[in-house]
Amino acid sequence: MPRPIQNLLVTGGAGFIGVNFIRWLFDQPDAPDRIVNFDTLTYAGNPLSLLDLAEKAGDRYVFIKADICDAAAVKKAIKTYHIDAIAHFAAESHVDRSIVAPDEFVRTNILGTYTLLQAAREAGGQIQLFHHVSTDEVFGALGDTGFFTEDTPYAPNSPYSASKAASDHLVRAYHETYGLPTTLSNCSNNYGPFQFPEKLIPLMILNALEGKPLPIYGDGLNVRDWLFVTDHCAAIWRVMQEAACGSTYNVGGRNELPNLRVVEKICDLVDAKAPPLPDGNPRRSLITFVKDRPGHDRRYAIDCSKIERDLGWRPAETFSSGFERTVDWYLNNSDWCQQVRSGDYQNWIAAHYG
Ligand code: NAD
Ligand code: DAU
């Protein structure tokens, strides 16, 4: 029997995966009655990405601009909207930023998760499920072989992954100590529409389109496992509906690729779909090797057999189909790309959301 969820609080629902999750979930026959999107709108949160949905969904969709570290705001949202489940996406998510300025990562990812857990606990039996969205980066780096399983010991290497590891441990502790009904998923690299163009794939698509250098860290042979974002959304919802409390699931695409190969594919697709560069050279000529990221994890790879076996989840997209959809989306949504990269966007948020 799927877990009935009526009033779902989504934190970080204006970010890349949160936006895709809310859009995807409203299209499902078993969508909750209401989704409350709780997001403080950092540089990575774009309410623009949900404007059309907000209109269509009417009072089934509510947006609250607030910080997950603000206990009073969290408690008010849970009480006002009779929240019975929480899907916790809100985080500082970009590894490079965490290397330069770790403080916000510690605050949002650790203190913010603690604040939500504590509010969920204090709501008594009202919260039927707290789902924590986490990352495979908590497991550290792999060599040339092997996969992360749910039993791999934690060994985070960046301030980002260390802060996510800390939040995972808090989720576990709230389940073990206080009996809070929790589930947790650790996913590999997502790609798809609405991703802020600082992450590898959207950054490279837009730079390739504009004829700018394509910076590859180190030798370009670091390996990531890529998953189309709505496949991650479907996995999260499957876990939320069916997984036992206290369980954790790894989610991955079985799509391991070295970064250089990903960028070459982007170059070839953009060459095929966009006007040629002014100098007539193929876009691969823009590839530029730059200084490596400090502590750069060499390889991530996910063993996702547990979620396949227990919950019957399978990704719907292959890398080629998902990848082409993604490149097309960025080529067809230049307004969105321009807005999220411009100062105007910050002014627009200030005017509309205070
Ligand atoms: P993102 O950076 O695109 O979005 C994060 C969202 O959280 C933004 O809307 C931002 O405004 C909001 N936010 C940040 N601090 C907040 C705060 N203090 N209070 C309220 N809202 C706040 O991130 P994403 O890529 O969508 O990732 C979502 C979650 O998934 C994160 O927890 C991340 O660790 C996890 N994850 C991401 C990936 C990936 O490849 N992107 C893979 C695995 C797991
Ligand atoms: O594995 C899941 C994680 O994937 C998530 O938890 C993170 O939130 C998400 O940001 C992502 O982390 P990565 O560090 O793997 O993603 P990023 O897009 O920053 O980089 C992907 C790879 O590409 C990584 O090996 C670094 C490299 N890279 C990245 C950028 C931005 C480059 O070579 N050049 C670049 O300009």
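Order of listing sets the numbers, starting from 1, for every ligand and every atom in it. For clarity, every value in this text was computed on a predicted model and none was experimentally measured. Counting from 1, the numbers follow the sequence of the chain as shown.
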I need the atoms of ligand 2 closer than 4.0 Å to a non-hydrogen atom of [X], numbered in the order shown.
| X | result |
| --- | --- |
| Y160 | 5 (C), 6 (O), 7 (C), 8 (O) |
| L203 | 36 (O) |
| H94 | 19 (O) |

### Query
Which distance, rounded to the nearest 0.5 Å, do you find between the CG of N250 and the CG of D151?
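Between atom CG of N250 and atom CG of D151 there are 9.0 Å.
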
### Query
Between E137 and ligand 2, which residue portion shows a heavy-atom distance shorter than 4.0 Å: side chain, backbone, both, or neither?
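Only the side chain of E137 comes within reach of ligand 2.
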
### Per-residue contact class, N189 against ligand 2 - non-hydrogen pairs under 4.0 Å
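Both parts.
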
Tell me, please: is [X] in heavy-atom contact with ligand 1, that is, under 4.0 Å?
| X | result |
| --- | --- |
| Y191 | no |
| G13 | no |
| V133 | yes |
| F196 | no |

### Query
Which option out of N259, N222, D96 puts a heavy atom nearest to atom 27 (C) of ligand 2?
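Shortest heavy-atom distance from atom 27 (C) of ligand 2: N259.
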
#### Entry: Proximity winner for atom 26 (C) of ligand 2, if only heavy atoms of H296, R299, M204 are counted
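The option holding the nearest heavy atom is H296.
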
### Closest protein heavy atom (residue, atom, distance) for atom 38 (C) of ligand 1
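Minimum-distance protein heavy atom for atom 38 (C) of ligand 1 reads I17 CD1, 3.6 Å.
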
### Task
With sequence neighbours left out, write down each residue that passes salt bridge (charged side-chain N to carboxylate O under 4.0 Å, His left out) with R293, or none if nothing qualifies.
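Partners of R293 under the salt bridge (charged side-chain N to carboxylate O under 4.0 Å, His left out) test: D96.
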
### Query
For K164 and ligand 1, does the shortest N/O to N/O distance drop below 3.5 Å?
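K164 vs ligand 1: N/O contact under 3.5 Å present.
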
### Message
N46 versus ligand 1: do any nitrogen or oxygen atoms come within less than 3.5 Å of each other?
### Response
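Between N46 and ligand 1 (N or O atoms, distance only) the closest approach is not under 3.5 Å.
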
### Query
Cationic tip of R299 within the cone over F147's six-membered ring, i.e. under 6.0 Å and within 45° of the normal?
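Relative to the ring axis of F147, which defines the angle, R299 lies inside both limits.
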
### Query
What is the ring orientation for Y191 with F228, classed by angle as parallel under 30°, tilted 30 to 60°, or perpendicular over 60°?
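Ring orientation, 0 to 90° scale: perpendicular.
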
N/O donor-acceptor pairs under 3.5 Å from side chains in residues 53-61, not counting sequence neighbours:
from : atom 1 : to  : atom 2 : distance (Å)
R60  : NE     : D33 : O      : 2.9
R60  : NH2    : P32 : O      : 2.7
Y61  : OH     : N37 : ND2    : 3.0

